[in-house]
2 protein chains.
Amino acid sequence: MRLTSKGRYAVMALVDLAKFDNINPVSLRDISLRQGISLDYLEQIFSKLRKKEIVQSVRGIQGGYVLNKKAKEIKLTNIFDAVDEKIKTVQCKKESKKGCNGKPIKCVTHNLWDELENHITNFFDGKSLEDLVKDNNERRF
Amino acid sequence: MRLTSKGRYAVMALVDLAKFDNINPVSLRDISLRQGISLDYLEQIFSKLRKKEIVQSVRGIQGGYVLNKKAKEIKLTNIFDAVDEKIKTVQCKKESKKGCNGKPIKCVTHNLWDELENHITNFFDGKSLEDLVKDNNERRF
DNA sequence: TTCAAACTTGACTATTTTAGTCGGGTTTAT
DNA sequence: ATAAACCCGACTAAAATAGTCAAGTTTGAA
């Protein structure tokens, strides 16, 4: 099991943004340099974040991105959802509601994955961008 | 994020085994047919489960596999561990202890993934094979 | 004692996903 | 006007996954 880099980068970039967007919009170029994430890839990620209204863009010179909500109101679930990071953990969850593994009934472990997804979703729902920024400042990074 | 089929199959197969190993060893052929998992793939999986002493093999005709411990004592963490299903969720967790993303310091989200891993591990530690079998019998599958 | 069911092992491969790259735009402050 | 910055879609190399395949070994039963 693993998360993809897309979700991880999205969170990294938003923490960075939350720390620096006090006055001016933050350019992806700056985030790219500070966080070591490819600029082109960041653009893809921010395109999604913008469509889900997590950030706003400011075009033109001196432009960049700003948060569209308070950091406290942005939960990690919102972020992962925006960049299509699926919490759907296993193949059988993707298939039709009734069956798994090409069979007409649910597989013996189906309920387990339901529970697991809830468990993980709860974890991410309990974490806001603000929490991460605070945690980060405390550690003097 | 997703679990791989290997982990999922391992759990499915062991639930099946736990249900049927009362008297005789259970052949992989039977598990393959009941659960719809490729026999060759099951062999790879059970090879790992045997090495980690979760199951015992009985060779020869009428052979198969039996659980090596009571179902109650087999936690899901043991199973995932045996088949190399990693709870390591993100890239930065694979890298050197001190740095992420090729930098000499931990990335801003590093602690988050630590917490997440603990959260998931706790979930799997709290689930035994017996729990799954019971849950399954209740639902009359 | 021969046979076949079943386990054992290791190498190989097609498919899918990921993590980007690339090339061309458009917008707007200066 | 120009350059910084956003915007968009197509493309691709690498890695991981989910198997397949081939060639065994072991052993209960006929």
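Since the structure is predicted, the reported quantities are computational estimates derived from the model, not experimental observations. In what follows, every chain begins at residue 1, and chains take the letters A, B, ... in the order their sequences are listed.
Put simply, the side chain of B:Glu130 reaches to within 4.5 Å of the side chain of B:Lys134, judged on heavy atoms. Counting only heavy atoms from C-beta outward, the side chains of A:Tyr65 and A:Ile31 never approach each other to under 4.5 Å.
For A:Gln62, the CD atom sits in a loose shell: 12 or fewer heavy atoms of surrounding residues, nucleotides or ligands are nearer than 6.0 Å.
Residue A:Ser5 places at least one side-chain N or O closer than 4.0 Å to OP1 or OP2 of C:dA19. Within the structure, every side-chain polar atom (N or O) of B:Tyr41 is placed at least 4.0 Å from both OP1 and OP2 of D:dT17.
A salt bridge is absent between A:Lys75 and A:Asp125: the closest approach of a Lys/Arg side-chain nitrogen to an acidic carboxylate oxygen does not fall below 4.0 angstrom.
Rounded to an integer number of Å, the gap from NZ of A:Lys48 to C1' of C:dA19 is 12 Å. The interatomic distance linking B:Ile31 (CD1) with C:dA6 (C1') rounds to 12 Å, in whole Å. Between the P atom of D:dA18 and the CZ atom of B:Arg8 lies a distance of 10 Å, rounded to the nearest Å. Here the P atom of nucleotide C:dT8 and the CG atom of B:Leu42 are 13 Å apart, to the nearest Å. One atom, CG of A:Asp84, and another, P of C:dT18, lie 10 Å apart when rounded to the nearest Å. Atom C1' of nucleotide C:dT21 and atom CD1 of A:Ile37 are separated by 16 Å, given to the nearest angstrom. If you measure from atom CZ of B:Phe46 to atom P of C:dT9, you get 15 Å, rounded to the nearest angstrom.
Hydrophobic clustering, with ILVMFWY side chains joined whenever heavy atoms are under 4.5 angstrom apart, keeps A:Leu17 apart from A:Val58.
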Pairwise N/O distances under 3.5 Å, protein to nucleotides 9-14 of chain D:
none

Please enumerate all protein N or O atoms sitting under 3.5 Å from an N or O of nucleotides 1-6 of chain D, with distances to 0.1 Å.
{"unit_1": "D:dC6", "atom_1": "OP1", "unit_2": "A:Leu28", "atom_2": "N", "d": "3.2"}
{"unit_1": "D:dC6", "atom_1": "O2", "unit_2": "A:Arg59", "atom_2": "NH2", "d": "3.3"}

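Every pair tested for salt bridge (charged side-chain N to carboxylate O under 4.0 Å, His left out) that includes a residue from residues 55-72 of chain B fails, sequence neighbours excluded, so the list is empty.
Within the 3.5 Å criterion, the main-chain N or O of B:Ile37 finds a donor-acceptor partner in the side chain of B:Ser32. Side-chain N or O atoms of B:Ser47 include none that pairs as donor or acceptor with a backbone N or O of B:Glu43 at under 3.5 Å.
Side-chain atoms of A:Asn68 and A:Glu53 include no donor-acceptor pair closer than 3.5 Å.
Annotation: ring pair (Phe, Tyr, Trp, His ring centres under 6.0 Å) contacts of B:Phe123 (sequence neighbours excluded): A:His119. With sequence neighbours left out, the side-chain contact (heavy atoms from CB on, under 4.5 Å) criterion links B:Ser38 to B:Asp40, B:Tyr41.
Inter-axis angle, ends of the helix from C:dT1-D:dA30 to C:dT30-D:dA1, five pairs per end, rounded to 10 degrees: 0°.
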